[in-house]
Amino acid sequence: MRRAPALLAIALAPTALSCIQFNADCSQPVADPSYTVTYLASPVPVDHTVVRTQESALGDRMTDAFLKALQDSGSPPDVAVDNAGDIRDLGLCVTRTELAKGPLTRAVLKDVIPFSDELVTVRVTVQELFHLLEHGVATLATPGNHPGGQFLQVSGLSYEVDCSKPAEQLSTVGGNLVRTQDGQRVRSITLASFEGEPNVTITRDEADSDAVGGDIVVALSSYLGGGGDKFIDLDGKTMTKANPERYTYTVLEAYLHALHATAGSPATLAVDPHHPRIVLKNCG
Amino acid sequence: MPAFAQRRDLLSLLGHRAGFLLATALAVGLSCPLADAQSMTFLHTPPARCDPHRPLVLSGNVFGVESLARATLVYRVGDGPWERLPLTCHGADTYEATIPASEVTAPVSYYVVATDWSGRQSAIFASRRRPQRVGVAGAGEPAGSPPALPAPGPASSVTPAPVPPAGTAPSELSPAAGPPSSTAPGEGLGTPIPSGGRPVRIETWQPGGAPAAPSGGTAAGSSAALAEDLSLYAAEDAAYLAGRHRQAASDRPAIESVVTGAEMRALGLHTLIDVMKILPGFDTRRDVQGFWEVTVRGITSDPEILVLFDGQRMNDPYDGRVLWERPVDDLARIEVIRGPGSVLFGSGAFSAVVNLVPRRNDGFAARASYGSFGEVQASANGGHTFGGFSLDGSADFERRDGYQKTIAHDALTTDPDVPAGMTDDHRQGFDATLRGRYRFGKAGSLLKGSAQVLHEDRGALVGLIDVVGPGSDLGWNEELANLGLEAPVGSWKLGFDLDLDLDQTDRLFVLFPDGYTQGATVFPDGVREETKIGMESFGLRAGASGALFPGNRLTLGGQVERQAIADFGLTANLNGDKPTGGEMVAPAGIAFPQRNPADDARLVAGLFAQDEWRLAQPLLLTVGLRGDYVSGFGLSPSPRLALVYRPTRALSFQARFSRAFRAPTFQEYLSIVAVPPTLDSGQATGFQVDSRGKHVDPLRPVVLTTIQVGGEAAGAVAGQRATLGVDGFWNEFQDPISAVDSTGSPLIVNRDKGVRVVGVEAEGRYDLPAGGFSFANASWFRAFDLETDEVTPAFALLTDAPQLRANWGIVLPVLGLGSFTLLAEFGSERRNDDRTELEATRRYQIPAYGLLSASVRTRPLFSHLVMSVEVWNVTDLSYLDPVPRPDTSEMPGLLPGEGIHGLVSLRMGY
């Protein structure tokens, strides 16, 4: 915008007279923003360079909350996924690398998790689940690529990634976005439960040979379920909504609050080093 | 009983009751004089000039004739002594005097004095200090008398004060002044010169630029003359809208602004939206679809502003929209009320009423203009009187390529270095009006008829929501017709009007461009959606006005109207979410209104009564009540109370209470939305029906309660007249209808807890020597969404309109060569509302703006031509308007407004 002439600059002076007022600028419009959701025993990373490249504590709790919220639904999910882009280090006014130790208020949590999409489930095959995870790790350790928000945080499963293998390639062909190269980075998936059996591991080769049948019910946000973040395998999938409706932020807040942490007994939100959900090899 | 049958019964019931009420009103009407000469006015259009040695007949109507004991014409010929002639009654309130032919040898100056029954005298037309002047052909101009065409300049105030009655008011219940016998001086370009003393400085422009010396008689500075000079409103100043009858401006029970045709030309205002921009309490903006939106006191809603042409509604009954780019060359003035006028005008007269008053004068005027971005404008208007019959008409044409500004990013942008597209502001518009009036009978009854056609064809400025859609095409046709009768019956005036309104809109939006892909689906022809809607409205209005006793005026009225969706079509080149291969088909899942008679037509009826009672000389009380019925929404009462206290002629205070009602429009109620392939077929729950066929959670009517207090004053500053008005208001909206974004697409809902707006407005005017003037106005408001306030008070402010607005203008005659005009508009910073989390996420912040415009007009050339050059947004400020999706991934650059642009015009008049 060109500089206004002095005449117009004088005209702008009334703003200094406080007759012009606006809403609170640096927080989301939530009821009771000072409400304490939980107490944190230690800082929880939210920096995008962390949450988009590896398992994150907040991502774990987010997906755990999805599973818990839908346990009693008609079609309880087997696994839950959430794109790391849901976790924002760039708030409305403040950039954060972590959630500070101590009380975690609703205002801060909403600034970090600003989106509240509807929580839904979709049915996918084993092959499709591999494709989803492949898409999530496609931008890892790739020269010139910035970590993408499509990196998937998970619950109910763990997966092993080898970044030395080829990544998925998507291209627009004839006006359509298609996969021109399958990714090979996701080497195996371990499901907490699959067709009644606990801790089922499915290798890449088994998935590629179509040796494993059956569907997996995945809990995720309606944003992803509608093909967001270029998850082309989810485009066109039927999304089953919860009844009553549930929303991603709301279930996370309820989950964290249900930890019953107090100032004297804060909650520890950390990645379990003994049971990692995402194992990365050769990813830098 | 089926809804339609209920309507028929109601209509006959209303007919019977209206007749009873009318008879009652007539029975109690008394021709008793008002006890106040100062409330009388002489409605008279003076001739521009007369022939020497021919009788000079001066005729007009006395408003407030009940108070009149006798009327006297006071005149002088040239610089001779002042003489007096009685005005004789020629039926009802028509009075006339004739200056003998033997005396008409030099220019004549005159004014009219009324004497009431108590013996008090008052000038009711012009004054001794500022008499009306009539030139005599070939006899030379009197000192200070006007040339054949005046210096360019306005004839009266822009704000806040009233306007002399240039042309007759629409549907007024008192007989209008007859058409002038010749084109008045100063307005040979088609506008009759306003009667009355106030515009003297324009009329007395001379080539040397020196103002005329005041005529003799009362010594300058005498208290009587000064008081008269400084009076808040010259006695003849009157307006129509607030009281629905010609009324002394000081007694108007509403906050009203008037802009005359001369002022519009002096300020370079060519369309209705141009005028709205400079009025106090208003703000204007465009949306991504190219529609103009007008904000009144902080709230933006076209259906809540009633726009009338000569008393007939112009709003499209389907969605309440107004063709804001209607040209104004054919108008004598525009009257605007801020605040409800529901007692008088019914549902739709909610936050403001705008009345367009057409010119009615003999002569012909035309304009041709050419300007930036391929702008071509042409207009012509004229009229002629044949005895008791007058005919006038107008036609306007406009085409433009429109400004093109880059839209850097839209919802489809993947490469930030490649712009999404350009704005598309091309437009072609046409409108034509024909009006006829026939005055007959000794009592001066009036039969009138009019027809108006408006047409617009344009592109969508950007597109439907958040994608640039080149190739969008929006068409709009409107046909209005009116037949009316006004008849004096004793001391009462009766009026009847039949109105017909036909609207056709055909809006084709390109939602996504050719080659758009959604997942694996390709849309080679893009995604297009076309909505065709035809509306038919037919109505009857009737009213009566008269005095019950001295100091009283009772106005009664009623109206009934049937509004119907005659045609409705929504098609898209989609079949579900797949392309049809080019064919436009009706999308699945949309319920069309024609399936249910209760949804595709409605009956609107109203009855009102308003009584104005002068309790004491300086105190006028107005009490009114209106009952409105809208089928499907029931009956709603709208009371009104106003008190005007005028301790001196130069000071006036007002307090007003009003309640207004409006039903949801068809469009709000049906809420049929676009069907892009990424969304489900969207339709508001208000239109969904349950298994019993009842609407689920239907929209409720909106009720507005308003309290306003204010004052107006006039005074002399450095010897020049100055006026100032200030008012404060408190608006409480119950169940306001708003488009709220809580799910990703705005849904039209009632805000259950309401909205509250408080504010202050001020406006003033200062006359300058040699006919110039300056005006300024400012307004401030604070608006709260009470539903948000209950949950998250820190986010309750509504901030998408400038909280502070100010306008300033000055017209300066320049060295006898013409005039120079400056116009400045200021608006404070705007930000998004935060009623929901999604609205808070979709943030925008539009800086305060200041727009400066300038124009020059020549003095009349060859007696009939005036040239002007106008430049708008002189500083080429990058002006922005909000968009529905200002997200970073959608349209973060917002909507760019028009930069610097100019227009050169040539006007002619006979």
Side-chain angles (χ1 to χ4, degrees), chain A residues 1-15 17-34 88 90 92-93 106-107 110-111 114-118 172-178 222-223 226-228 230-237 245 247 249-250, chain B residues 414 515-524 577 678 743-744 760 778 780-782 788 790-799 802-804 806 808 824-841 843 845 847-852 874-880 899:
Chain A
M1 189 177 99
R2 296 186 187 185
R3 288 183 185 171
L7 177 65
L8 300 177
I10 293 172
L12 298 176
T15 55
L17 301 177
S18 301
C19 64
I20 314 295
Q21 285 188 6
F22 298 99
N23 294 314
D25 207 22
C26 288
S27 56
Q28 296 280 349
V30 292
D32 195 6
S34 61
R88 318 293 290 188
L90 192 66
L92 289 175
C93 295
R106 176 177 284 159
K110 201 65 174 69
D111 207 27
F115 305 114
S116 192
D117 301 308
E118 198 168 353
T172 302
V173 177
N176 301 330
L177 192 63
V178 299
S222 55
Y223 168 72
K230 297 182 182 178
F231 280 94
I232 59 175
D233 297 278
L234 293 174
D235 185 28
K237 285 284 185 186
E245 297 161 350
Y247 295 88
Y249 171 82
T250 312
Chain B
T414 53
Y516 170 74
T517 61
Q518 175 69 29
T521 306
V522 179
F523 297 85
D577 60 354
T678 54
T743 63
V760 177
W780 169 87
F781 76 88
R782 181 142 297 153
T788 307
E790 200 168 80
V791 178
T792 53
F795 301 92
L797 293 176
L798 299 176
T799 55
Q803 295 169 55
L804 185 65
W808 171 82
E825 302 168 48
F826 167 78
S828 63
E829 180 178 325
R830 289 167 282 167
R831 298 186 190 177
N832 55 288
D833 294 333
D834 293 298
R835 294 168 296 183
T836 65
E837 294 172 9
L838 211 54
E839 286 190 347
T841 303
R843 292 178 165 254
Q845 190 168 336
Y849 69 87
L851 297 171
L852 192 64
V874 169
T875 61
D876 199 21
L877 187 75
S878 296
Y879 175 86
L880 297 172

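Residue numbers begin at 1 in each chain, while the letters A, B, ... track the order of the sequences. Since the structure is predicted, the reported quantities are computational estimates derived from the model, not experimental observations. Both backbone and side-chain heavy atoms feed into the values below; hydrogens, waters and symmetry mates do not.
Heavy atoms of Arg782(B) lying under 4.5 Å from chain A belong exclusively to its side chain. When heavy atoms are compared at a cutoff of 4.5 Å, Lys230(A) does not approach chain B at all. Only the backbone of Ala796(B) comes within less than 4.5 Å of a heavy atom in chain A; its side chain stays farther off.
Between the CD atom in Gln803(B) and the CD atom in Gln21(A) there is a gap of 7.5 Å [rounded to 0.5 Å].
In this structure, the side chains of Asn23(A) and Arg831(B) stay at 4.5 Å or more apart for every pair of heavy atoms. With contacts defined as side-chain heavy-atom distances shorter than 4.5 Å, the pair Glu829(B)/Phe22(A) qualifies.
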